[in-house]
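Structure first, then comments.
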Protein chains: 2
Amino acid sequence: MVVLTANERRALELLEERTRPVPRGATVQRENDTTGEMFILRTGMMMSSVLLVDGSRQILRFHFAGDMIAVSGLAYREASETISALSDCVVCPFERSAFAAVLADHPRLAALIIVCNQVERAALTDRLAVLGRTSAKARVAAILIDLRNRMRMLDAGISTSFALGLTQEEIGDATGLTAVHVNRMLRQLEDEGMLAREAGRFTFTDERALERAANFVDRYAGLDLGWLPAGR
Amino acid sequence: MVVLTANERRALELLEERTRPVPRGATVQRENDTTGEMFILRTGMMMSSVLLVDGSRQILRFHFAGDMIAVSGLAYREASETISALSDCVVCPFERSAFAAVLADHPRLAALIIVCNQVERAALTDRLAVLGRTSAKARVAAILIDLRNRMRMLDAGISTSFALGLTQEEIGDATGLTAVHVNRMLRQLEDEGMLAREAGRFTFTDERALERAANFVDRYAGLDLGWLPAGR
DNA sequence: CGGCTGCTTGAATAGAGTCAATAAACGTGG
DNA sequence: CCACGTTTATTGACTCTATTCAAGCAGCCG
């Protein structure tokens with residue numbers, strides 16, 4: 001999409017110098033802890049979530065390889081969300097000072113990071129609309145499509161069949177539903193012929209219908225980066 | 001919080017060179033239109049919203065003086081949200097190229113913009129948790145507290161009494177509720193002695209109780225900007 | 001094998017939505 | 001300044017969606 005200069009590439013590689021394995025279920029950042037490092041997720045799938053006072057959990061976002069995570073540490077002294085691994089992961093920790101150096105030396109990378117922020121903002125606002133204004137069935141369909149699409153961006157081998165890697169409890173925490181109701185909605189999508197399930201694998205048997213049920217709109221269609229400053 | 005250098009101040013003033021009045025109810029950006037300018041909101045109150053296929057609306061965010069709006073135009077060819085004026089407003093339009101120039105010349109401003117993105121991200125994820133996991137009463141209480149707080153940041157004269165400037169329909173579109181149910185929740189908060197209403201003005205009669213009802217957490221408490229690169 | 005954790009299903013309940021009717025506030029043109 | 005039409009607020013009755021509670025089942029791992 002954008003071709004980086006050799007210098008830019010080197011600057012980004014500097015952020016990924018160190019690596020750290022994170023086993024499934026482990027946490028790299030805990031809500032209200034003092035923020036330390038930020039990370040680039042090298043491999044695996046993670047999630048950010050918050051706990052409410054009544055003990056319920058809201059999953060805010062899923063993270064995949066290539067995502068920059070724990071970035072809110074740039075602004076806040078204390079983390080506002082918990083970030084934990086849904087599969088065995090590898091992350092590359094880096095310091096805020098290293099990040100500041102990248103911004104100082106590479107204005108085009110700064111611009112690209114701002115663009116990524118906007119893409120994430122769009123994803124969050126889409127989810128906001130889904131939680132605020134759509135039915136349980138639409139929410140479940142939406143999360144299935146969204147996760148399939150993001151997995152496909154990293155592994156072109158994935159098409160209509162994929163392993164979600166989430167419990168129904170987790171689907172519920174992401175969609176604002178109870179696990180019980182998630183189960184019922186999955187069954188309904190299955191009964192209506194849009195979906196098949198077996199041993200944790202999902203298969204879209206009628207993708208169009210599923211997209212209609214989910215109110216799906218593709219947000220990765222119209223990126224426009226013509227305005228970026230020159231690379232260094 | 002951060003003292004800008006004279007150069008930095010001048011660069012930002014360049015973005016605010018032109019001004020344009022926007023009457024109440026008018027739209028500065030329409031969903032799916034080709035994105036053009038970005039804006040700094042000089043005076044007034046605006047909102048971003050999206051329309052779903054079934055005709056329902058979700059209000060994503062409220063904007064106040066000083067906010068940089070329509071920034072998603074940096075990433076997308078087409079606007080993902082509608083931005084319209086809730087009161088008579090004045091905006092300062094600027095071009096992406098002007099923005100790119102700021103980033104190229106002033107790395108610390110780039111860093112500050114990224115920080116602002118993170119603050120907005122935190123606000124959006126808070127709202128996500130509210131929509132996903134809290135009751136109608138909590139959502140209504142939360143929006144009242146949030147808007148009061150943001151108004152107070154611009155006008156220190158506001159304390160427990162303020163004019164919201166929203167219809168109950170709009171409160172509903174922001175909280176994911178129907179106007180009818182918003183009305184019932186307002187009445188309930190009133191009956192429970194947390195709130196008084198008259199002629200569009202709200203008065204918090206028991207702010208602690210209201211905060212408890214809303215699950216309120218203060219997100220503007222712990223900003224940390226020690227890591228920024230040097231100013232130019 | 002036994003103890004988890006996750007999945008599935010039913011029945012009863014509660015919370016929010018829908019529909020409808022009325023009242024109050026607002027804006028506009030005469 | 002008033003009359004009229006429109007938007008906004010209010011309230012009741014009813015419906016429906018999603019939650020809660022409960023029980024049984026399946027798969028997995030030590």
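Throughout, a chain's letter reflects where its sequence line sits, starting with A, and its residues are numbered from 1.
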In whole angstrom, what separates [X]'s [atom1] from [N]'s [atom2]?
| X | N | atom1 | atom2 | value |
| --- | --- | --- | --- | --- |
| B:Asn183 | D:dG12 | CG | P | 11 Å |
| B:Leu189 | D:dT10 | CG | P | 13 Å |
| B:Leu164 | D:dA9 | CG | C1' | 14 Å |
| B:Arg133 | C:dG15 | CZ | P | 16 Å |
| A:Arg201 | C:dG6 | CZ | C1' | 19 Å |
| A:Arg197 | C:dT8 | CZ | P | 4 Å |
| A:Leu86 | C:dG6 | CG | P | 12 Å |
| B:Asp173 | C:dA16 | CG | P | 17 Å |

Side-chain N,O (A:Gln168) to OP1/OP2 (C:dT8) below 4.0 Å: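 Indeed, a polar side-chain atom of A:Gln168 lies that close.
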Taking only side-chain N and O atoms of A:Thr178, does any of them lie within less than 4.0 angstrom of OP1 or OP2 on D:dT19?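 A:Thr178 to D:dT19 OP1/OP2: side-chain N or O found under 4.0 Å.
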B:Arg184 or A:Arg184, whichever maps to the more 5' nucleotide of DNA chain C: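 Of the two residues, A:Arg184 wins.
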Pick the closest DNA chain C nucleotide for A:Glu169 and for B:His181 by heavy atoms, then say which residue is nearer the 5' end.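 The 5'-side residue here is A:Glu169.
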Is a side-chain donor or acceptor of B:Arg133 paired with a backbone partner of A:Arg57 at a separation under 3.5 angstrom?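 A pair under 3.5 Å: yes.
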Just to be sure I understand the rule, does [X] reach a base, reach only the sugar-phosphate, or reach nothing, if contact means heavy atoms closer than 4.0 Å?
| X | answer |
| --- | --- |
| A:Arg139 | nothing |
| B:Gly176 | sugar-phosphate |
| A:Gly172 | nothing |

Candidate nucleotides D:dT11, C:dT18, C:dG10, ranked by approach to the side chain of B:Arg187 - the nearest: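 The answer is D:dT11, which lies nearest to the side chain.
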Measure from the side-chain heavy atoms of A:Thr167 and tell me the nearest of C:dC7, C:dG17, D:dA18.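 So the nucleotide nearest the side chain must be C:dC7.
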I need the B:Thr35 OG1 to B:Tyr76 OH distance, nearest 0.5 Å.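 B:Thr35 atom OG1 to B:Tyr76 atom OH measures 11.5 Å (nearest 0.5 Å).
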A:Leu177: which of A:Ile143, A:Ile171, A:Val182 passes side chain to side chain contact (heavy atoms under 4.5 Å, CB included):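 Only one option passes, and that is A:Val182.
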Side-chain heavy atoms of B:Cys89 within contact of B:Leu41, under 4.5 Å: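 Counting from C-beta outward, B:Cys89 and B:Leu41 do come under 4.5 Å.
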In the structure I gave you, are the side-chain heavy atoms of A:Ile145 and A:Leu210 within less than 4.5 Å of one another anywhere?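 They are in side-chain contact.
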